[in-house]
Amino acid sequence: MLAHVAVLGVIFALPGLFIFTRTSQLGDELGETISASLAPLGRTILLSASVASTAVLLGTSLAWLLMRTALPARPSLRVLVVLPLVLPSFVGAAAFLAALAPGGILHGTLDLIGLEAPRFRGFWASWIVLSLFTFPYVFLPVAARLLALPPSLEESARVLGRGSVATFFAVTLPQLRSAIASGGLLVFLYTVSEFGAVQLLGYDTLTRVIFASRLSDRATSFTASCILIVLAGTVVLLERLSRPPQRANDPVRSHPVEPQQLGRWRLPALFFVLFVILMGLVVPVASLATWAWRGVRDGRVGVDGLLGAAINTSVVGVITSVVAVIAVVPLAVLIVRHRARSANVASIAVVSGFAVPGLVIALSLVFWTLNAPVIGGLYQTLPLLIGAYVIHFGSQALGAAEDAVRAVPDSLRESSQLLETSASVRLRRVDMPLMRPSLVSGGGLVLLSTVKELPATLLLAPIGFRTLATEVWGSYEDGFFAEVGVSGLILVALSAMLTWVLVLRRSDAIRAS
Amino acid sequence: MFGTLDTVLARRQPSPVGSPADRHGDGRAASSAVTIADVSVTFGGSDDAVVRSASLDVPAGQVVSLLGPSGCGKTTLLRSIAGLQRISSGSIAVDGVTVAGGKTFVAPERRRVGMVFQDGALFPHLTVEQNVAFGLRGRSGGAERVAEVLELVDMGGFGDRLPGTLSGGQKQRVAVARALAPEPAVLLLDEPFSALDAGLRVQVRRDVKRLIARLGITTIVVTHDQEEAFALGERVAVMSGGSIQQVGTPTELYEQPSTPWVAEFMGEGIRLAGQLDDGRVTTSLGQLPARTTNSAGPTSGAVDVIIRPEQLVVEAGSEAKVVDVEYYGHDVRYDVELRGGHLLSVRALRADFAVGDEVNVVFAGADVPVWPR
């Protein structure tokens, strides 16, 4: 098992190490490439900081409005407000571009009121699109924290003479700080790694530089990747350090809490929530749907062609999730049961696989296989693509695998040992049934991420191997909005289904009435 | 444990905060009467009232316990007084001023009530001092007041500690200090000691009781624990199913319960069927004198009676058998099975019998309460 973990750690750390090694070998070129990367680095940081702060403002205010106030239809609004999560940001970006293009729904609407559609490009466009599709990453942990927060804290503040606004800032907000920080840093990381949306919207961040220079100017590509890894690593490290030691939540008594009456703010607040849902969900989906409907009506797009892409997406996703779960279970056993130090080192490698942008992992695997004599044959094969996915998303299965191992406590294993001598029977009848739910949900999260992934798929998929993500991408590049619409809708539907089963259905905050 | 109380009270003249509540000038805060009139509370959308037509008068300076099993609506009623829960009908007034009822709803932050929650609800990100000062925002002499109330609850040396580092009893003391700091008109305690260990609970309870008695503040305590209700409350309101069943002193409730339910909730007892005739009830334990204080009670016919364990005595005999003995030190409890299969509990001072002994059970009380069947 130790050997397995050692190999696992090395594999997960490989892409990063490879990039670092190659960058360090650049020699004199290094200074040049670093100075060439500084401006894109600035743009990456500017965009990530802007998107993260906007997501924090949106996610926190929406969580408070939907968890604490007397807004009407809160249970439905809570679900709707999380749904922008199901749109991969590059699909969202494509949907907005399609909506603002002549014939798109926003273009038409603006035309009606005599306005010209704005040029949707660059920083502002990227900022708006990424904020709209990432704020649920803040909303979910903050809403969960609000639900877990003992109501007596806020009630105490009220009884002690503070109004509702003062109570929010003096008592509620300090309690939400760690949830806001972890959500905000996740969004920051997401934006640092983002490739598809910034590429479509033409904002020159590091990822765009890496992609553009990957063939013509490898030195710049390596350096930019290296900077990106350092940036992402710093953010993850900050998040870890700022995370307070986990406190057990006090059991919350179940007396119903009076929701905050909003008075004259009720209508503006409701409009705010509905506007976010409109922009994050309704407009992009409607934009895709109108183009798709036109295409299908005029017989320009066949759904048949996309069936293959949908099947490819699903099959690769399922294989990836199975491989990822199998790969990390031994590590989870070592972490949970034996608290092995080697396991912790390996787990850092696994988690860093998530922090390293998918584009960089893909790029490193491309160069590595192209240059290595024996494994060169792996280039543009499915195993390499799946390997990249597993390295990138394995950490999402690790947490669930640890839960699965914890589901079989020592006392239970010991009592089953006393009752049944055969290890395989014990595994089948005791361990597996208890571990299955967590393993399935861990695998599901990997599947969801794989379905939405773009840059690694673009770089590593075998020639002619089409997935829904590459289909959306390719159609947009070719200017076929109708095909973008159809494949985008299928992708969104698939992702929505997985999100519902894996995230929303399990969230107490979403289900709370 | 609050040994410093008297000195602190002496130091309080004149009040450093110059509070309007301290009208007596003797350190005793002027407190306010609470009038609850016909209050009902219904939670959103449901037809079932959690509190039904509850009425209760709490004179200024009195301590009243709201006692009832969980889910009886007592906490909801308390939260209505604080303004944390809106009432559906009826009214609540403090010192004759309506704070809830009709179109009136005074926000909790304007009601001048102090509240101590079951979990203490100390703000985890603030120190003990900052917690206590929370309700004093913008007042002059705040720091002195904080030191003073912390002294009152014997937590003087803990000002810069974070709540996470305190024990359960210490947390509740700080919670009491925080509630008292702004000199509220009314103090509300919601199961304040239930999260504490048994021994600590009694200690903190005694300390808090002494403190509120000295301050003379109107206090309403919610509890599901009969012992706690009796120990703290000058009067006790018993709630069940959302209604206040009976209000009285602990003695009144124990000796003259208005319903069999109250009687059984007030303490252990066995309920027997009997026939009432001319002031005497014929039961399977023989003829017992009926209690006559309840003028509205029945005068004859089929009735229920409640017999308390301490109203019975066991003697050597042959009519019953001891099936269990629980020895408590200061007294002993026998479970005795009568010939007919009836099980009785008997409280005695001495453990004279053992399991299996043949005994007689004799009624030794003055009388028993009766209700029509």
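Convention: sequence-line order gives letters A, B, ...; per-chain numbering from 1.
Two residues are said to be in side-chain contact when any heavy atoms from C-beta on lie closer than 4.5 Å; B:Leu126 and A:Pro174 fail this criterion.
A 6.0 Å sphere centred on CZ of B:Phe105 holds more than 12 heavy atoms belonging to other residues, nucleotides or ligands.
Annotation for B:Val113 and A:Val159: closest pair O-CG1, 3.1 Å, computed over non-hydrogen atoms. Considering all non-hydrogen atoms of both residues, B:Ala107 and A:Arg158 come closest at CB-NH2, 4.2 Å. Scanning all heavy atoms of the two residues, the minimum distance from A:Val171 to B:Phe123 falls at CG2-CE2, 3.5 Å. What you find for B:Glu109 and A:Gly163 is that their closest heavy atoms are OE2-CA, 3.2 Å. Residues B:Pro182 and A:Leu160 approach most closely at CG-CD2, 4.1 Å, considering heavy atoms.
Rounding to the nearest 0.5 Å places CD of A:Glu155 at 6.5 Å from CE of B:Met115.
In terms of non-hydrogen atom pairs under 4.5 Å with chain A, the most contact-rich of B:Gly135, B:Ala121, B:Ala82, B:Gly83 is B:Ala121. Ranked by heavy-atom pairs under 4.5 Å with chain B, the first of A:Ser156, A:Ala157, A:Ala170, A:Pro259 is A:Ser156.
For B:Leu188, no part sits under 4.5 Å from any heavy atom of chain A, backbone or side chain. Interface remark: A:Ser164 contributes backbone atoms only to the contact with chain B (heavy atom separation under 4.5 Å). Neither the backbone nor the side chain of B:Arg110 comes within less than 4.5 Å of any heavy atom in chain A. In this structure, chain B has no heavy atom under 4.5 Å from any part of A:Gln260.
Residues forming a ring-ring contact (aromatic ring centres under 6.0 Å, His included) with A:Phe188 (at least two apart in sequence, or on another chain): none. Residues satisfying the ring-ring contact (aromatic ring centres under 6.0 Å, His included) criterion with B:Phe158, sequence neighbours excluded, are absent altogether.
For B:Arg137 (side chain) and A:Gly161 (main-chain N/O), no donor-acceptor pair under 3.5 Å exists by modelled atom type.
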